[in-house]
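This report refers to the structure that appears directly beneath it.
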2 protein chains.
Amino acid sequence: MRDFTKKLRVLLIDDNANHLRGIKELISLETSYNVVGATRNANLGLSLIKKYRPDIVLMDINMPEKDGLQTIQTINKSGISTNVVILSGYDDSDLIYRAMKLGARGYVLKTMASSKLIDAIETVADGKIYLPSVLTTRFFEYFQNSAREESNIAPGENLLTTLTGRENEVLDLLTQGINYKGIAQQLIISETTVKTHVNNIFQKLQVGDRTNAVLYALTHGFKPSSMQAEKTAA
Amino acid sequence: MRDFTKKLRVLLIDDNANHLRGIKELISLETSYNVVGATRNANLGLSLIKKYRPDIVLMDINMPEKDGLQTIQTINKSGISTNVVILSGYDDSDLIYRAMKLGARGYVLKTMASSKLIDAIETVADGKIYLPSVLTTRFFEYFQNSAREESNIAPGENLLTTLTGRENEVLDLLTQGINYKGIAQQLIISETTVKTHVNNIFQKLQVGDRTNAVLYALTHGFKPSSMQAEKTAA
DNA sequence: AATTATCTAAACCAAAAGATTGAGAAAAAC
DNA sequence: GTTTTTCTCAATCTTTTGGTTTAGATAATT
């Protein structure tokens, strides 16, 4: 939970000088905020983040020089625990989706009332995600669409369900690129037994070689047995 | 946009008889709603949906008999344009994620005030997505986590960049599970030439067989040159 | 002009993979 | 208690794949 006795440290990144000044003024009006930096340059912004460790980074996503999306990723990959709130002129579904996917904690449209921006900062500072209702809908429609396309990978029946427990174990090792000898060693059975299993797998998956078996597995949601515990059978 | 002159047709599915009665009473209090059905059985619910074509389906996701998630999917696959709002006792991240992924338009906790339920119905009926702030945060944290895991696919250097044009073409066919003979036919070159290319690919990708070459390609963002593929399995 | 990278191809060998048949033992299902 | 499934293993054979070397023909680079 946020510490209300300290001022929130905010950093601004926006390539438009007017916006930058405007937002800075707006935020400075709030006594509980402290603008630790404001820059028009994304790369400079990155070093300011490292230097000042702001609680919130308010960033314009539509910057011509550096790709805003890439900047979000860089910030979150740096390991610094700061919260990125996107400021954007566009309510483009794909843009919202990708920004959130890369770790943005909030997304605010420039056309929105300035009180919304304060709302967003408060919400995100409180550890929550801020997305206006309209953008939430946009996001989910995009999300559900791509989910539907992905699920089309396995439209009909899934032949993987016909595999036995042991066959699943063998297939698991096949998808790791291990050969007969290696599989035999790992499962502590003979190589010929592995061959038998593999041939049975081929028949069930209706393929003719291991490469196609692996491809079938990967494109039909095969779950590696790293999750399921099997009898260890000392 | 919603037609406010007509009553909203709502269908309830909840295996708990008390909840079912309670929610029905609650909604009936609102004059703008019309409860067209209320059932404790998911399968029965599906046929009621086909029969009455409700605007909103309020469904409990925690049903012992039939899997609630599966029911959402069935509803949305049926092609009927109804909006599913999930009623759940749990704010489990994975559950929220999967429900929304399968096409739910709203998610309400049973512990929430009843006014929130009305809010949700109104919002969803208006074509928008309803997710309470807390659940939005839960959802996105789960979403961003899985996105981060996926992006770890290609962390270090990518050996794929060292491949020549022809080698890329060969690898492309390899990732389709095609053997030497098939590749030779498609590229109209001899089988031995294909072998040469494949061996060069192995050296560059530092693998010893085609299965591992394919696995390397798939896990390092290999972009197939042609998206058109016809035969699924040989 | 000389070098380098790429694409092509052959020959040969070794190793691995795949196909088939048969069969015993244990567990699960009926 | 019998039947079925699953897991195990062997032997044999064919096909495919992988490893290596060598080398000609272009095309691009220096």
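In what follows, chains carry the letters A, B, and so on, assigned in the order in which the sequence lines appear, proteins first and then strands, with residues in each chain numbered from 1.
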Under the salt bridge (charged side-chain N to carboxylate O under 4.0 Å, His left out) rule, collect the residues that match up with Glu191(A), sequence neighbours excluded. none

Any side-chain N or O of Asn199(A) below 4.0 angstrom from OP1/OP2 of dG18(C)? no

Per-helix bend value, the helix from dA1(C)-dT30(D) to dC30(C)-dG1(D), C1' rotation axes over five pairs per end, 10° rounding, shows 50°

Apply ring pair (Phe, Tyr, Trp, His ring centres under 6.0 Å) to Phe140(B) and list each qualifying residue two or more places apart in sequence or on a separate chain. Phe139(A)

Within the sub-3.5 Å range, which N or O atoms of nucleotides 8-11 of chain D have a protein N or O partner, and how far apart are they?
residue: dT8(D); atom: OP1; partner: Arg166(A); partner atom: NE; Å: 3.1
residue: dT8(D); atom: OP1; partner: Arg166(A); partner atom: NH2; Å: 2.7
residue: dT8(D); atom: OP2; partner: Arg166(A); partner atom: NE; Å: 2.8
residue: dT8(D); atom: OP2; partner: His197(A); partner atom: NE2; Å: 2.9
residue: dC9(D); atom: OP2; partner: Ser190(A); partner atom: N; Å: 2.6
residue: dC9(D); atom: OP2; partner: Thr193(A); partner atom: OG1; Å: 3.0
residue: dC9(D); atom: O5'; partner: Thr193(A); partner atom: OG1; Å: 3.3
residue: dC9(D); atom: N4; partner: Thr196(A); partner atom: OG1; Å: 3.2

Who passes side-chain contact (heavy atoms from CB on, under 4.5 Å) against Ser190(A), sequence neighbours left out? Thr192(A), Thr193(A)

Tell me, please, which residues at least two apart from Lys50(A) pass salt bridge (charged side-chain N to carboxylate O under 4.0 Å, His left out). none

My understanding is that only residues two or more places apart in sequence, or in another chain, count here; which of them pass side-chain contact (heavy atoms from CB on, under 4.5 Å) with Ser93(A)? Arg138(A), Tyr142(A)

Which residues share a side-chain contact (heavy atoms from CB on, under 4.5 Å) with Asp209(B), sequence neighbours left out: Thr211(B), Asn212(B)

Set of side-chain contact (heavy atoms from CB on, under 4.5 Å) partners for Gln185(A), sequence neighbours left out: Lys181(A)

Salt bridge (charged side-chain N to carboxylate O under 4.0 Å, His left out) filter on Lys195(A), not counting sequence neighbours, yields none

At under 4.0 Å between heavy atoms, how does the protein contact nucleotides 24-30 of chain D? Give one character per nucleotide, 5' to 3', with B, S or -. -------

Not counting sequence neighbours, which residues clear salt bridge (charged side-chain N to carboxylate O under 4.0 Å, His left out) with Arg105(B)? List them please. Glu141(A)

